[in-house]
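In what follows, every chain begins at residue 1, and chains take the letters A, B, ... in the order their sequences are listed. Keep in mind that what you see is a predicted model, and the values were worked out from it rather than measured.
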2 protein chains.
Amino acid sequence: MSCKIHAESYDSIIERNWPDGFKKTHQRKDIFILLFCSEEPMSAAEIYDQLNSGDPKEKYAFSTVYRNLLAFEKAGIVTKTVLSTEAEAVYELKKSSHKHYAICTVCHRKIPIKTCPLHDISKFVESSLNGFEITGHQLEILGICNECQKKK
Amino acid sequence: MSCKIHAESYDSIIERNWPDGFKKTHQRKDIFILLFCSEEPMSAAEIYDQLNSGDPKEKYAFSTVYRNLLAFEKAGIVTKTVLSTEAEAVYELKKSSHKHYAICTVCHRKIPIKTCPLHDISKFVESSLNGFEITGHQLEILGICNECQKKK
DNA sequence: ATGTCTGCAAACCTTTTGCAGGGGC
DNA sequence: GCCCCTGCAAAAGGTTTGCAGACAT
């Protein structure tokens, strides 16, 4: 498990972000740190692979990954997103509040879109859907990223 | 297999919309008619169920449904969409050119949005994603439909 | 007659669940 | 010590694939 952030600061990061009354197992801390360090949302398989790529004495079960992602989600610190281009769901910490992605159809990179271009879409749509009460939305931008364009 | 349209017009509908050189099996015609008559995009399971709900002498395999939906998609007359709220993909004929839905989170109804509110989003997003070439997008509106609001 | 399409069954992939043992608090 | 969490294995959905026979052209 590697990250740009110094190992000694992991504890304080966890301390600051941990949900109240949430049991601190080493599996949960490891998943949290992985998500914290990742620039992109991660799938359960990616998390599982990274967890098990380290010391082979440490084993992590797939079910543990899924159950804890769900637990994190319920605790309100993780967001699960299902993208139309991928078979698997992806997960990320809520801190970064990225809700939308530009997805490269070649390399499958997921680039967060900082601002949401939909803030005033609601009135527009609501008027044409008589009575439909909007509670959320999902937006994906598909295309070809900078690097993949160069490769061609 | 029932539909609002009179049975005698099925043949001409198929004649008009059938891809060139695409073999006309009764399974394919039936799937096509189902999609043609549906107001909402359908999942493979929904198509399968409707196909097999008729004369029990007529059997349709799941693989036939999937293979033909894929074949239709390759032939350019069907669109497959993966929605974030559903485990299954949904399929529809391209004719109606519905690309976006308002999805009721209670009853899972999928209401097509006639106009695309994203026609001028591209410049906006492209400028913040240096070099990302946009080729498409997916938008979902989530909420509670008229009927489900009344039920509460 | 040819090659494609079909049904059946098995495989596949992601995710969920049951259970017995282990580890936080 | 209690209860929640973990690992393992099996199951559960949705989708894909291999194969032998059937059908459209």
Side-chain angles (χ1 to χ4, degrees), chain A residues 11 14-15 18-32 34 41-75 77-91 108, chain B residues 11 14-15 18-32 34 41-75 77-91 108:
Chain A
D11 284 351
I14 288 174
E15 218 54 58
W18 210 252
D20 282 347
F22 205 69
K23 212 171 258 188
K24 277 183 202 134
T25 65
H26 80 90
Q27 291 92 336
R28 286 180 172 179
K29 288 194 225 169
D30 290 348
I31 293 171
F32 179 90
L34 274 182
M42 299 178 78
S43 69
E46 286 167 348
I47 294 170
Y48 173 84
D49 286 343
Q50 288 220 29
L51 287 176
N52 287 301
S53 67
D55 188 339
K57 274 175 292 181
E58 306 221 318
K59 289 197 179 175
Y60 301 77
F62 245 115
S63 48
T64 302
V65 175
Y66 278 109
R67 279 195 274 234
N68 285 332
L69 287 171
L70 183 63
F72 278 133
E73 200 187 356
K74 277 191 188 162
I77 65 168
V78 157
T79 305
K80 173 183 180 178
T81 309
V82 180
L83 300 172
S84 65
T85 50
E86 318 281 328
E88 328 161 284
V90 291
Y91 303 83
H108 289 207
Chain B
D11 283 352
I14 288 173
E15 218 53 59
W18 211 251
D20 283 346
F22 204 70
K23 211 171 260 189
K24 276 182 203 135
T25 65
H26 79 92
Q27 292 92 335
R28 285 181 172 177
K29 289 193 224 166
D30 291 347
I31 293 171
F32 179 89
L34 274 183
M42 300 178 77
S43 68
E46 286 167 349
I47 294 169
Y48 173 85
D49 287 342
Q50 289 220 30
L51 287 176
N52 287 302
S53 68
D55 189 339
K57 274 176 291 183
E58 304 222 316
K59 288 197 179 177
Y60 302 77
F62 245 115
S63 49
T64 302
V65 175
Y66 278 111
R67 278 193 274 233
N68 284 333
L69 287 170
L70 183 62
F72 278 133
E73 200 188 356
K74 275 191 188 163
I77 66 168
V78 158
T79 305
K80 172 183 181 180
T81 310
V82 179
L83 299 172
S84 64
T85 51
E86 318 280 328
E88 328 161 282
V90 291
Y91 302 82
H108 289 207

*Rounded to the Å, how far apart are A/Glu88 CD and D/dT15 P?*
15 Å
_Categorize B/Ser63 for me: base, sugar-phosphate, or nothing, with a 4.0 angstrom heavy-atom threshold over every strand shown._
base
_From CD of B/Glu86 over to P of D/dT15, roughly how many Å is that when rounded to an integer?_
11 Å
*Return no unless some side-chain N or O of B/Tyr66 is found under 4.0 Å from OP1 or OP2 of D/dT16.*
no
*asked:* Strictly distance-based, threshold 3.5 Å: is any side-chain N or O of A/Arg28 a donor or acceptor partner for the main-chain N or O of A/Asn68?
replied: no
*With a 4.5 Å heavy-atom cut-off, do B/Glu58 and B/Gln27 have their side chains touching?*
no
_Exactly one of A/Phe32, A/Trp18, A/Phe22 should register a side-chain contact (heavy atoms from CB on, under 4.5 Å) with A/Ile77. Which one does?_
A/Phe32
*Write down the distance between CD1 (B/Ile47) and P (D/dG14), rounded to a whole number of angstrom.*
14 Å
*Looking at A/Arg28, does any N or O in its side chain come under 4.0 Å of the phosphate oxygens OP1/OP2 on D/dC5?*
yes
*Indicate yes or no: at least one non-hydrogen side-chain atom of A/Thr25 is less than 4.5 angstrom from one of A/Thr64.*
no
*In whole angstroms, how far is the P atom of D/dT25 from the CG atom of B/Asp20?*
13 Å
*For B/Lys80 and for B/Lys24, find the nucleotide of DNA chain D with the closest heavy atom, then tell me which residue's nucleotide is more 5'.*
B/Lys80
*C/dC5 P sits how many Å from B/Asn68 CG, rounded?*
8 Å
*Phosphate OP1/OP2 of D/dG7: any A/Thr64 side-chain N/O under 4.0 Å*: yes
*In whole Å, what is the span from the CG atom of B/Asp49 to the C1' atom of D/dG14?*
13 Å
*asked:* On the nucleotide C/dG23, are OP1 or OP2 found under 4.0 Å from the side-chain N or O atoms that A/Thr25 carries?
replied: no
*For B/Gln27 and D/dC23, give me the distance from atom CD to atom C1', rounded to whole Å.*
9 Å
*Using a cut-off of strictly less than 4.0 Å, decide whether A/Lys23 has a side-chain nitrogen or oxygen near OP1 or OP2 of D/dT6.*
no
*asked:* Side chains of B/Glu46 and B/Tyr91, heavy atoms from C-beta outward: is any pair under 4.5 Å?
replied: no
*To the nearest angstrom, how far is A/Tyr60 atom OH from C/dG22 atom P?*
19 Å
_Does B/Ala89 reach a base, just sugar-phosphate, or nothing at all? Heavy atoms under 4.0 Å._
sugar-phosphate
